[in-house]
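Every number for a ligand or one of its atoms is a count from 1 in the order of the listing. For clarity, every value in this text was computed on a predicted model and none was experimentally measured. Positions are given from 1, in the same order as the sequence printed here.
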Amino acid sequence: MSKETLGFQTEVKQLLHLMVHSLYSDREIFLRELISNASDACDKLRFEALENDDLYEGQTDLGITLSADKDGRQLIISDSGIGMNRDDVIQNLGTIAKSGTADFLSNLSGDQRKDSQLIGQFGVGFYSGFMVADEMIVETRKAGEAQAIRWTSTGDGQFTVEEIDKADRGTRLILKLKEDAAEFADDFRLRSLVTKYSDHIPVPVRMFKADDEGNATTELENVNEAKALWTLAKSDISKEDYQAFYKHIASDWEDAATWAHNKVEGKLDYTSLLYVPKRAPFDLWNREAPKGLKLYVQRVFIMDKAEEFLPLYLRFIRGVVDTNDLSLNVSREILQNDPQVQSMKAALTKRALDTLEKMASKDSDAYQAFYEQFGEVLKEGPAEDFANKEKIAGLLRFASTLDNDAKQSQSLDAYIERAGDEQDSIYVVVADSHANALGSPYLEFFRKQGKEVLLLSDRIDEWLVSHLAEYKGKKLVDIAKGDVDVEKLGSKDDADKLKAAAEDAKDLLARMQAVLSDDVESVRVSGRLVDSPSCLVVNENDMGIQMRRIMEASGQSMPASKPILEINPEHALIKGLDAEADEDRFDKVTRVLLDQARLAAGDTLEDAASYVRRVNELLV
Ligand SMILES: Nc1ncnc2c1ncn2[C@@H]1O[C@H](COP(=O)(O)OP(=O)(O)OP(=O)(O)O)[C@@H](O)[C@H]1O
């Protein structure tokens with residue numbers, strides 16, 4: 001077949017354009033990315049050859065060779081891995097965008113500095129070669145197949161594919177270096193980059209030995225340790241090694257925030273190395289995005305994103321699990337049902353939570369930074385993982401009336417400590433924004449009494465509260481629900497006053513109730529209001545307004561349940577209403593009070609036009 005020219009897929013094209021034109025700093029990471037790919041290719045061959053020895057073609061050595069020609073400004077990275085056939089090449093290196101590419105591109109701001117950071121987070125992969133090369137040439141032959149393929153591109157819109165002869169299996173990648181990237185053909189520079197980034201990938205990286213004059217000979221030597229990092233003793237691993245390995249497996253430009261490395265022997269037999277990243281990947285909220293740990297069985301790579309080893313709410317954890325408890329021909333189906341995997345999942349979950357606890361207690365700034373990235377994911381935990389509910393809850397942080405700050409930095413433990421033994425509840429208010437939580441009428445009485453309330457305004461918060469009934473024996477109480485115990489929170493005197501006020505307002509309540517009988521279950525005098533005239537509450541076990549809105553938005557039909565309207569008889573508006581003889585005005589004001597209470601609760605008005613009309617009529 002003759003040479004064929006093909007166009008890159010649109011999103012790949014955009015990505016390449018950015019790579020070529022926007023990335024000038026940290027270019028050296030291209031080497032880590034390309035060595036990672038070569039190492040993955042060796043892993044894949046080792047795995048596939050378990051079932052079919054012939055794939056080795058009599059050549060069982062797996063490794064990577066770097067050869068550089070400084071004068072010719074060229075770097076060659078060869079591997080004896082799985083290789084690619086024509087279809088693989090076309091798909092992998094041009095026409096199929098990695099999942100999330102579109103997401104990623106839509107996140108770009110146009111600000112080159114910010115965007116190049118984003119590219120970093122994206123995991124730049126193969127195309128990062130174009131940061132340093134004018135042209136890339138891939139010559140590759142798939143293990144067990146006869147025909148080899150050459151792919152070439154200069155990183156503009158197109159690439160070519162043609163058939164070639166290649167005796168040895170695997171991939172040879174030739175980088176024609178840019179004029180300002182000649183350093184990457186320098187022997188010394190390459191060696192130091194390999195040690196820096198790829199010391200502990202599980203395959204050897206080799207380079208040609210230099211003779212006494214510094215000229216390359218034809219003899220190869222290993223330049224990296226080539227021992228899978230997780231198999232080493234902790235005491236033999238430096239921080240830098242851990243970080244470099246993290247970047248290798250996570251394709252992250254930044255260091256990890258922390259990690260946990262453990263060997264477990266006994267009933268279960270596995271080694272795990274779990275990392276907590278510093279920054280959320282842009283596809284954290286994409287439910288379809290692949291996630292999970294790199295799985296090895298007896299040192300042999302099995303699969304990249306095994307999601308069976310951690311719960312969904314810990315999907316941001318990256319790392320490796322290597323076990324002797326599974327067979328080498330384990331499949332995804334087996335993983336899903338294997339009791340050993342279940343036990344490992346339980347143990348790894350606990351390990352990950354312990355790691356977060358340790359980070360929280362040792363370095364609260366680092367934990368705060370972590371929480372800002374991943375807190376919302378962690379909040380899925382109590383609903384998903386009953387067994388670890390309390391442990392997860394201890395890791396959560398919230399905004400609070402303590403400082404009214406939007407920053408979520410208060411733990412439940414700190415709240416309980418401030419509240420003292422006598423207080424048997426943790427008070428929370430749930431709203432659709434921090435500003436709405438802060439201005440919520442439900443807070444008024446609590447503020448007056450100096451009782452701290454946690455301010456919840458993430459989308460997931462009401463879901464969280466509905467799954468976290470209590471923490472360390474203290475009930476979590478949504479202060480927009482049920483009755484407030486005025487006597488307990490305030491004083492006997494407050495309670496008596498409230499009773500008397502309710503008695504005095506009997507007629508008013510009945511009049512209002514008659515107007516609103518279709519909309520509310522009842523109208524009553526409020527113990528929680530100080531400054532506002534009215535608010536809406538639901539019964540203790542009813543669904544809150546935020547949750548109801550989310551459920552309705554997702555198309556679920558909700559059981560009809562009416563809220564309760566509470567009024568503040570001390571408020572001038574309510575006093576005026578009580579004295580209102582004109583039934584038409586009474587009707588209008590009452591309905592306006594209800595709509596305002598709805599708005600303050602974060603609800604929307606079904607009939608906003610009528611509300612506006614009424615207010616205008618009253619204003620005139
Ligand atoms: N040396 C190689 N040998 C065999 N296949 C390769 C090689 N390099 C790349 N590939 C194939 O091309 C695909 C795309 O590579 P690329 O580096 O862009 O993404 P990735 O490796 O899947 O993701 P990431 O870089 O984020 O880990 C790989 O998944 C792999 O299938």
Side-chain angles (χ1 to χ4, degrees), residues 8-9 11-16 18-19 29-49 55 62-66 75-101 103-104 118-131 133 136-145 148-151 153 155 159 161 166 168-175 197-198 201 203 205 245-254 277 281-283 289-294 301 303-305 318-320:
F8 284 114
Q9 195 261 359
E11 282 148 5
V12 175
K13 219 185 273 180
Q14 285 172 274
L15 191 67
L16 270 172
L18 283 165
M19 205 73 84
I29 62 102
F30 84 95
L31 191 67
R32 177 186 83 213
E33 297 292 321
L34 298 179
I35 290 180
S36 261
N37 282 350
S39 149
D40 291 348
C42 293
D43 271 350
K44 278 181 208 159
L45 177 59
R46 191 184 290 126
F47 175 61
E48 295 207 354
L55 291 178
L62 291 173
I64 302 166
T65 305
L66 300 185
L75 169 65
I76 302 180
I77 303 169
S78 329
D79 65 67
S80 52
I82 187 88
M84 287 176 274
N85 61 24
R86 187 187 180 87
D87 288 348
D88 294 338
V89 167
I90 293 176
Q91 289 199 359
N92 296 336
L93 310 183
T95 56
I96 307 260
K98 276 201 278 194
S99 66
T101 311
D103 266 7
F104 159 75
L118 257 184
I119 296 173
Q121 282 178 54
F122 178 63
V124 278
F126 173 78
Y127 302 113
S128 66
F130 284 110
M131 293 192 296
M136 283 170 78
I137 301 160
V138 177
E139 296 175 346
T140 180
R141 183 169 70 74
K142 192 160 185 165
E145 296 186 19
I149 300 292
R150 177 187 291 131
W151 174 104
S153 178
F159 61 95
V161 206
K166 183 174 184 287
D168 45 338
R169 137 203 106 223
T171 303
R172 176 160 59 235
L173 173 60
I174 302 153
L175 296 145
Y197 290 121
S198 310
I201 59 164
V203 278
V205 178
F245 188 71
Y246 165 71
K247 289 171 176 167
H248 161 69
I249 56 160
S251 281
D252 195 342
W253 272 8
E254 268 183 282
F282 60 89
D283 58 2
K291 51 204 150 282
L293 302 177
K294 241 174 164 29
F301 168 78
M303 64 182 80
D304 237 334
K305 309 257 171 168
R318 310 299 299 265
V320 174

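Below 3.5 Å of separation, one finds an N or O of Phe126 facing an N or O of ligand 1.
For the salt bridge (Lys or Arg N to Asp or Glu O under 4.0 Å) test with Lys142, the passing option among Asp88, Asp168, Asp87 is Asp88; the others fail.
How far OH of Tyr127 is from CG of Leu15: 7.5 Å, rounded to the nearest 0.5 Å. Summarising the geometry, atom CG belonging to Leu173 is positioned 5.0 Å from atom CD1 belonging to Ile77; distances are rounded to the nearest 0.5 Å.
Atoms of ligand 1 found under 4.0 Å from any heavy atom of Leu93, numbered from 1 in the order shown, are 12 (O). Set against the non-hydrogen atoms of Asp79, the atoms of ligand 1 under 4.0 Å away are 1 (N), 2 (C). The ligand atoms of ligand 1 that sit less than 4.0 angstrom from a heavy atom of Ser251 are 24 (P), 25 (O), 26 (O), 27 (O). Within the listing of ligand 1, atoms 25 (O) sit less than 4.0 angstrom from a heavy atom of Glu33.
In this structure, of Ile64, Leu34, Thr171, Asn37, the residue bringing a heavy atom nearest to atom 3 (N) of ligand 1 is Thr171. When the heavy-atom distances from atom 31 (O) of ligand 1 to Val89, Asn92, Asp40 are ranked, the shortest goes to Asn92.
Here the side chain of Arg141 pairs a donor or acceptor atom with the backbone of Lys166 at under 3.5 angstrom. Although no hydrogens or angles enter the test, the distance criterion places no donor-acceptor pair under 3.5 Å between the side chain of Trp151 and the main chain of Val89.
Taking the charged nitrogens against the carboxylate oxygens, Asp252 and Lys247 have no contact shorter than 4.0 Å, which rules out a salt bridge.
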